[in-house]
**Student:** 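I have a structure I would like to understand better, so I am pasting it below and will then ask my questions one at a time.
In this text, all values refer to a predicted model and were calculated from it rather than measured experimentally. Atoms within each ligand, like the ligands themselves, are counted from 1 in listed order.
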Amino acid sequence: MRKNDLFPLTIEDMAVGGEGIGHDQGMTFFVKGAVLGDQIMARATKVKKNYGYARVEEILLPSENRVPEVCPIARQCGGCQLQALSYEKQKAWKEARVRNDLIRIGGFAPELVDRVVDRVMEPILGMEKAFRYRNKAQFPLGENREGEIISGFYAARSHRIIPIDDCLLGAPENESILKAVKDYMRACRIRPYNEVTGRGLVRHVLIRKGFASGQIMVCLIINGRELPRQQELIDRLTKIVGMKSICINSNCKQSNVIMGDETRCIWGQESITDYIGDIAFAISPRSFYQVNPYQTARLYEKALEYADLKGQESVWDLYCGIGTISLFLARKAGQVYGVEIIPEAIEDAKANARRNGIENAHFFVGKAEEILPDFYEGRRDAVAGDALHPDVIVVDPPRKGCDDICLQTMLRMRPDRIVYVSCDPATLARDLKTLAEGGYSLQRVCPVDQFPQTTHVECIALIQRVKS
Ligand code: SAH
């Protein structure tokens, strides 16, 4: 096999990045744009010793899992890697990924994972309507060849803007917001920022919407401090139903980072409010907040179910962000202790606790792998409740999973239950293996589809201390 060779290929699987996988002459090929079940004519684009890359020259027989892409730029944008795969198959593929990682990386026996009685793998919690779930969007602005202002998304692995005003994963209001911003810019002769020259004013439009509250926030990220004739922008944006907050954020650095350090509210409230279940959260332009609120509510319900709280328990919530899970659990627990590395997030967590009248949630800034041992080894003063002997520990780490020191300290604390929320099944499986070797047994794993149309896989696991 050489580069540019043409050969028929059947797509048997899909890779973690969404590429189709097929085998030919003992080699594995990764094919972008090919869907599980497709029979294609492939053209080799890169050939290594036992694997290679190819592109679709022609679809000989389309897979029955193939569906028409609803978004006109699905292929160029790269945000929705799985849009051409039916939603039923997307869910099945995500379930299979979790199951395979548990067996292959976690070392759990297939008999355990698949057992019929007391089944470990729960069916994935999918969405009924698998579009328009994102409550946050960031659109870069730029110019096309004719010098017209465009907004859209960057093409995969580049900074070329593909014009689109209505991402089908986002809120329907995004389109009229972008139109209002561009109309204002045209009327006031304001140029979008140019990354190459460093000139121009408006860099990005950040839009956030509280899906439960209907409140909308727009933040313009600008290469400067002032917006000329800002009232004209305000007049346009405030015609949109739900508009509650208009902000500008200054970012004068010539870098890839989207937001600068300074944010100013120019109209309405500093933050918007949203609800997960019956708990209210304040969201400002910078704060971290789950992007799919529908599925987040279901994920947290699952966390609550797995935590199985009766009312008196002490619970750690490690990697707690703005305290969403902590506050959700606090209503049902004795004391909750949240740990998070970002100081602003902890400020938000404390404010959110106050706002909801929750007094049994305590928050600490720092690394989970430092704060937890500090408490356990007595380098920190005691707090309300029994923090050293928790009943439940919840973790929700970033993709790289938990630090080993964190896992070892959790094992020494011997909680009855550990609830592990994960956005990467591979590191989840690795960490569950460590915990299983430390005297815990895997009870349940439930994938929750937070990001339909994309390859992201979120799931939640329950493990329990083996009583000796
Ligand atoms: N549980 C929250 C946020 C989860 S995202 C929610 O459901 O909304 C993971 C969080 O872990 C991020 O907020 C990130 O800032 C934080 N984080 C990353 N590394 C950390 C560490 N070593 N110790 C504590 N928190 C960390």
**Student:** For the side chain of Asn223 and the backbone of Gly200, is there at least one donor-acceptor N/O pair under 3.5 Å apart?
**Tutor:** yes
**Student:** Mind checking what makes salt bridge (Lys or Arg N to Asp or Glu O under 4.0 Å) contact with Asp403, not counting sequence neighbours?
**Tutor:**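 Counting only residues at least two positions away or on another chain, Asp403 forms no salt bridge (Lys or Arg N to Asp or Glu O under 4.0 Å).
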**Student:** Is any side-chain heavy atom of Tyr420 closer than 4.5 Å to one of Val394?
**Tutor:**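 Answer no - side chains too far apart.
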**Student:** Gln335 and side-chain hydrogen bond (donor to acceptor under 3.5 Å, both in side chains): which single residue from Gln312, His362, Glu313 fits?
**Tutor:** His362
**Student:** For ligand 1, what is the set of protein residues having any non-hydrogen atom at a distance below 4.0 Å?
**Tutor:** Phe288, Gln290, Tyr300, Tyr319, Cys320, Gly321, Thr324, Ile325, Glu340, Ile341, Ile342, Gly366, Lys367, Ala368, Glu369, Asp396, Pro398
**Student:** Could you tell me if the ring centre of Phe281 sits under 6.0 Å from that of Tyr275?
**Tutor:** no
**Student:** Going by an N to O cut-off under 4.0 Å, is there a salt bridge joining Glu69 and Arg75?
**Tutor:** yes
